[in-house]
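Worksheet for the structure shown next.
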Amino acid sequence: MLLKKTLVVAGLALAQRSLASLQIVPGGSWTASGTNQHVQAHGGGMDMDQSIRCVSCIFELTSLPLGIIEIDSVYYWIGENKLNGSSFQSVNCYSSTNLVEWTFVGELLSLESSGDLGPNRIVERPKVIYNEATSTYVMWMHIDNSSYGEAKTGVATGSSVCGKYNYLGSFQPLGFQSRDMGLFKDDDGSAYLLSEDRPNGLRIDRLTDDYTNVTSNTYLWSEHIEAPAIYKQDGVYFMFGSQLTGWATNDNKYSAATSLSGPWSSWANFAPTGTNTYNSQTAFILGVGPNVMYMGDRWLSSNLMASTYIWLPLTLSGTSANLTNEDSWVISQQEAWTTSPTQTAPEAESSSNTLSNGAVTLSCSGCSGSKSVGYIGGSSDGALQFNGITSNATTKTTVQVRYENGDSTQRYATVTVNGNSQILSFIPSTNGITPFSSTLNVELNAGAANVITISGYEGGWGPDVDRLLVPEL
Ligand SMILES: *[C@@H]1O[C@H](CO)[C@@H](O)[C@H](O)[C@H]1NC(C)=O
Ligand SMILES: *[C@@H]1O[C@H](CO)[C@@H](O)[C@H](O)[C@H]1NC(C)=O
Ligand SMILES: *[C@@H]1O[C@H](CO)[C@@H](O)[C@H](O)[C@H]1NC(C)=O
Ligand SMILES: *[C@@H]1O[C@H](CO)[C@@H](O)[C@H](O)[C@H]1NC(C)=O
Ligand SMILES: *[C@@H]1O[C@H](CO)[C@@H](O)[C@H](O)[C@H]1NC(C)=O
């Protein structure tokens, strides 16, 4: 398992180096199991639970175990469901043990008939922190009407991170406007609301001990920055956020300080100037073992459900921050992240493939070799079978399916690898990048005999497939 941390107590040594090459593919279609749809957790945040398990313990886990323990980490990704436009539909929660394979767990807040969570309301950027004193998970979110004129924060509480939350209500924190917001919980248990106050600037406001209200202002920047997220490393606080350009991206900024009340360094870019933060907006910053991961959103304002997730490695050193762009990368809790493995790129139109039931080769100007295979699925269930896919290892890995989908809604396909099937989602490929990638997380066998078949799902049309990108290891 990629993110399993193995600890050895009482001097026993065990080095188990993971060769897994599950990859994060920024900007791809990420299919969630449980819904078979592209993950709907936009503007989100992340929480983690760890449980300790004895693998071969002499004593039980009551006090200090003697033996080998493993720490199982479960990540919970909480964000906005945008399946039906900008209005509130639900706050969703997904879980994963490796940050690549996500399972839909449930709606933490659901659409109600009226009120803040009713029709045509704005509920954005939900963030959750845990309050030890009350044993309660506390969610804060931006609450607004459809013209963004109310500018409030809402608060909800729950007894489990990924269970139902009880909505408490909304208000303007300390009487100031609040739109894009974030939360930060410090090492000493004090917690803070990060809030974009349009007339005055960006605020850090201290939360009450139970985290359900604000007590006082800690810092105010007069500069206008939204989508705020704080991360702390080695006693240095980093505040990240974007400039105010609506759904369009810009060069996001950061500022650093050794105290939340300042002085804070002047705002600077953390991605190369002019890349618009690799075309993304800050949502959250997550520590993963020795790594720090930037979680951004690439909004597609004309079709918000097809907005993608730009997760990239962030290097924090002293008081400086630097974001690296990767087509795909491997994250680990034990080791430094690595860039995309070497990949083979079998073409859909290759003569070694088998096309059946109406699937045909098409011309495709954006595709590799200027060709794709289309008419996959449909009533005759057209299918594209890649034969002889190679892998140097028997391993679970991430294959990218490069595709086009010119519709405004998701397409689906049944993808069968060596006899095992799963459903993949293919969001519209209309975000300025063609072809798109849909990620297929799958077991491959060592050798050249892997067979990957892409066929229809429930009679609908699948995507036009350009090629696969298959890790060699
Ligand atoms: C989508 O939202 C619109 C209003 O924004 C509403 O009329 C419609 O019923 C919603 N559709 C679904 C499937 O929720
Ligand atoms: C949103 O709220 C503001 C402030 O109350 C109000 O001026 C505006 O008319 C409201 N917009 C809509 C669409 O209700
Ligand atoms: C939150 O704090 C404000 C300012 O101290 C106070 O006026 C308000 O009543 C508090 N809200 C709740 C729900 O306690
Ligand atoms: C960020 O890292 C890249 C690659 O290592 C380097 O070229 C660039 O100069 C760094 N940028 C900053 C602002 O440190
Ligand atoms: C996979 O195996 C092939 C054939 O032995 C070799 O050429 C290639 O370098 C290997 N790839 C990796 C990443 O080790």
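We count ligands from 1, going down the list as the structure has it; atoms in each ligand are counted the same way.
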Quick one: does Thr342 get an N or O within less than 3.5 Å of an N or O on ligand 5? no
I need the atoms of ligand 5 closer than 4.0 Å to a non-hydrogen atom of Glu472, numbered in the order shown.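 The list of qualifying atoms is 1 (C), 8 (C), 10 (C), 11 (N), 12 (C), 13 (C).
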N-O pairing of [X] and [Y] below 4.0 Å:
{"X": "Lys232", "Y": "Asp186", "answer": "yes"}
{"X": "Arg179", "Y": "Glu124", "answer": "no"}
{"X": "Glu132", "Y": "Lys185", "answer": "yes"}
{"X": "Glu150", "Y": "Arg121", "answer": "yes"}

Atom indices of ligand 3, in the order listed, that fall short of 4.0 Å to a heavy atom of Asn213: 1 (C), 2 (O), 3 (C), 8 (C), 10 (C), 11 (N), 12 (C), 14 (O)
Other residues, nucleotides and ligands only: do more than 12 of their heavy atoms fall within 6.0 Å of CG on Asp209?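 Check fails, neighbour count at 12 or below.
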If you measure only the distance, is there a donor-acceptor pair under 3.5 Å linking the side chains of Ser425 and Gln410?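 Yes, side-chain donor-acceptor contact under 3.5 Å.
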Sub-4.0 Å heavy-atom environment of ligand 2, residues by chain: Asn145, Ser146, Ser147, Gly149, Glu150
Within 45° cone of Phe176 ring axis and under 6.0 Å: Arg203 NZ or CZ: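 Ring-cation test returns yes.
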